[in-house]
Amino acid sequence: SDAKPIHTQHRTSVERRFRKVIDFLHLHLAEDLDLNRLADIACMSPYHWHRTYQSFFGESIVATVKRLRMQRAAQMLAHSTSSVAAIARACGYPNLQSFTRLFREVYGLPPARYRLQGSQPQFQCPSPPQESTMFQVSIQTLPTTTLAGIAHQGAYLGISRAFDQLVGIAAARNLFAADTRMVGIYRDDPSIVDEENLRSSACISVATDGLLEAPLQRDTVGGGRHAILRFKGPYSDMQSAYQWLFGVWLPNSGEEAADAPVFEEYLNNPRDTSPTELLTDICLPLKSA
């Protein structure tokens with residue numbers, strides 16, 4: 001018969017439930033997110049739902065909601081002109097004081113100051129290249145790495161939704177190993193492609209192509225020379241590092257970018273790391289010497 005083995009059916013069911021809840025969270029962050037309602041969306045009892053979620057995602061649903069709201073707030077502060085009060089409401093915090101207190105706890109600065117300087121004031125205006133030694137860029141030859149990923153279309157900062165879905169699926173399929181790497185692939189140039197058409201993929205490294213049925217897609221990165229800029233700080237601050245890499249480092253390096261997408265490797269986990277301590281390697285493929 002064509003029936004899937006029961007464990008595969010169960011795994012697929014768990015994946016589908018997680019994806020429904022993650023989609024719901026990302027679409028309704030401004031609302032009061034009642035935990036029992038989320039259990040209803042997952043079609044599980046609240047008690048079992050919270051334990052299952054925590055065991056798969058490594059954080060409670062309450063922690064996920066706070067992390068997503070704070071990420072959205074930082075993105076809106078960095079990339080929009082909305083007032084701080086409007087941003088607080090859009091992120092589910094009608095009380096401006098509690099929003100300001102929470103934001104300062106997470107990002108180390110109150111929202112208005114974060115908007116002015118980001119958490120990385122040195123990015124705001126690239127200094128002349130010869131003085132720009134604050135960024136370490138190394139050139140390395142990287143082996144080809146096989147990845148399993150979920151495609152995302154739209155603003156690059158919205159890829160967190162695909163990553164949250166990916167974590168749930170990878171946990172359900174037992175794809176995580178001690179040396180699993182988290183990688184984002186960014187296929188388009190945001191300065192020439194409209195935001196809603198930007199293509200990216202949230203990926204993890206995999207040892208084999210096993211268990212890569214939908215929605216996971218096979219991908220690869222690496223294979224050749226890359227310029228690697230190590231960035232420390234919130235993901236929402238990274239745009240200025242890209243401007244520096246392409247506008248200052250590349251023209252003065254004597255190197256030429258290869259016709260392959262930039263990718264990012266995330267070296268620690270936003271679920272247990274403060275945004276200001278996050279480490280990301282921005283990897284720019286180079287033409288061979």
Side-chain angles (χ1 to χ4, degrees), residues 26 71-82 87 90 115 117-120 122-129 132 134-140 142 144-145 147 149-163 165-166 182-203 215 217-231 233-266 278 280-289:
H26 281 263
Q71 278 178 358
R72 175 172 293 181
Q75 289 162 15
M76 290 181 75
L77 288 164
H79 303 285
S80 84
T81 54
S82 305
I87 289 171
R115 165 170 270 168
Q117 65 179 67
S119 62
Q120 313 268 334
Q122 80 268 28
F123 289 147
Q124 294 312 307
C125 45
S127 46
S132 303
M134 61 201 168
F135 287 125
Q136 295 301 310
V137 175
S138 61
I139 295 178
Q140 299 175 31
L142 300 180
T144 302
T145 301
L147 304 171
I150 292 183
H152 169 73
Q153 183 170 326
Y156 281 159
L157 286 169
I159 198 173
S160 61
R161 178 171 169 181
F163 270 111
Q165 290 182 342
L166 176 66
M182 305 292 288
V183 172
I185 304 175
Y186 299 91
R187 303 180 193 280
D188 296 305
D189 178 349
S191 65
I192 55 175
V193 175
D194 289 339
E195 190 171 82
E196 66 268 20
N197 295 323
L198 291 172
R199 296 167 304 145
S200 55
S201 295
C203 304
Q217 300 169 348
R218 185 181 185 280
D219 227 313
T220 59
V221 292
R225 296 167 72 250
H226 290 69
I228 300 175
L229 183 156
R230 180 154 298 180
F231 175 85
Y235 301 140
S236 51
D237 282 8
M238 229 183 297
Q239 188 179 353
S240 35
Y242 272 93
Q243 288 167 347
W244 183 88
L245 182 64
F246 282 94
V248 177
W249 182 84
L250 189 59
N252 291 280
S253 65
E255 296 287 347
E256 226 179 310
D259 186 20
V262 173
F263 65 94
E264 297 171 359
E265 180 168 355
Y266 309 102
L278 291 169
T280 306
D281 277 348
I282 300 172
C283 303
L284 169 65
L286 299 173
K287 288 191 174 170
S288 36

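The shortest side-chain heavy-atom distance between Leu142 and Ile228 falls under the 4.5 Å cut-off. The shortest side-chain heavy-atom distance between Tyr186 and Ser200 falls under the 4.5 Å cut-off.
Distance SG/Cys203 to CD1/Ile159: 7.5 Å, rounded to 0.5 Å. Rounding to the nearest 0.5 Å gives a distance of 4.0 Å between OG1 of Thr280 and CE of Met238. Atoms CD1 and OG1, from Ile185 and Thr220 in turn, are 7.5 Å apart once rounded to the nearest 0.5 Å. To the nearest 0.5 Å, atom CG of residue Leu166 and atom CZ of residue Arg161 are 14.5 Å apart. Rounding to the nearest 0.5 angstrom, the gap separating the CG atom in Leu284 from the CZ atom in Phe263 is 9.5 Å. One distance of note links OH of Tyr242 with CG of Asp189; it measures 11.0 Å at 0.5 Å rounding.
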Let's go through Leu245 and Val262 carefully: what are the C-alpha distance in whole Å and the side-chain angles of both, what is the deciding distance for side-chain contact (heavy atoms from CB on, under 4.5 Å) to 0.1 Å, and is it a yes or a no?
CA-CA 11 Å; Leu245 182 64; Val262 173; over 6 Å; no
Derivation of the side-chain contact (heavy atoms from CB on, under 4.5 Å) call for Ser80 and Ile87
CA-CA 9 Å; Ser80 84; Ile87 289 171; 4.2 Å; yes
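Ala227 and Val137 get closest at one heavy-atom pair: CB-CG1, 4.0 Å. Scanning all heavy atoms of the two residues, the minimum distance from Tyr156 to Asp188 falls at OH-O, 2.6 Å. Of all the heavy atoms in Gly223 and Thr144, the pair that sits closest is CA-OG1, 3.4 Å. In plain terms, the two heavy atoms of Ala151 and Ser201 that are nearest each other are CA-OG, 4.0 Å. Scanning all heavy atoms of the two residues, the minimum distance from Arg225 to Lys287 falls at NH1-O, 2.8 Å. Nearest heavy atom pair, residue Ala155 against residue Leu198, reads CA-CD1, 4.5 Å.
Side-chain atoms of Arg115 come within 3.5 Å of backbone atoms of Leu77 as a donor-acceptor pair (strictly under, hydrogens ignored). Under a 3.5 Å cut-off, the side chain of Glu255 and the backbone N or O of Leu250 do not form any donor-acceptor pair.
Checked against the 6.0 Å centroid threshold, Phe163 and His152 do not count as a close aromatic pair.
Around atom CD of Glu195, no more than 12 heavy atoms belonging to other residues, nucleotides or ligands sit under 6.0 Å away. By the neighbour-count criterion of 12 heavy atoms within 6.0 Å, atom CG of Asn197 is densely surrounded, having more than that number from other residues, nucleotides or ligands.
Under the side-chain hydrogen bond (donor to acceptor under 3.5 Å, both in side chains) criterion, Gln217 pairs with no residue at all, not counting sequence neighbours. Under the rule for a side-chain hydrogen bond (donor to acceptor under 3.5 Å, both in side chains), Arg72 has no partner lying at least two apart in sequence or in another chain.
For the residue pair Ser138/Arg230, the side-chain donor-acceptor check at 3.5 Å is not satisfied.
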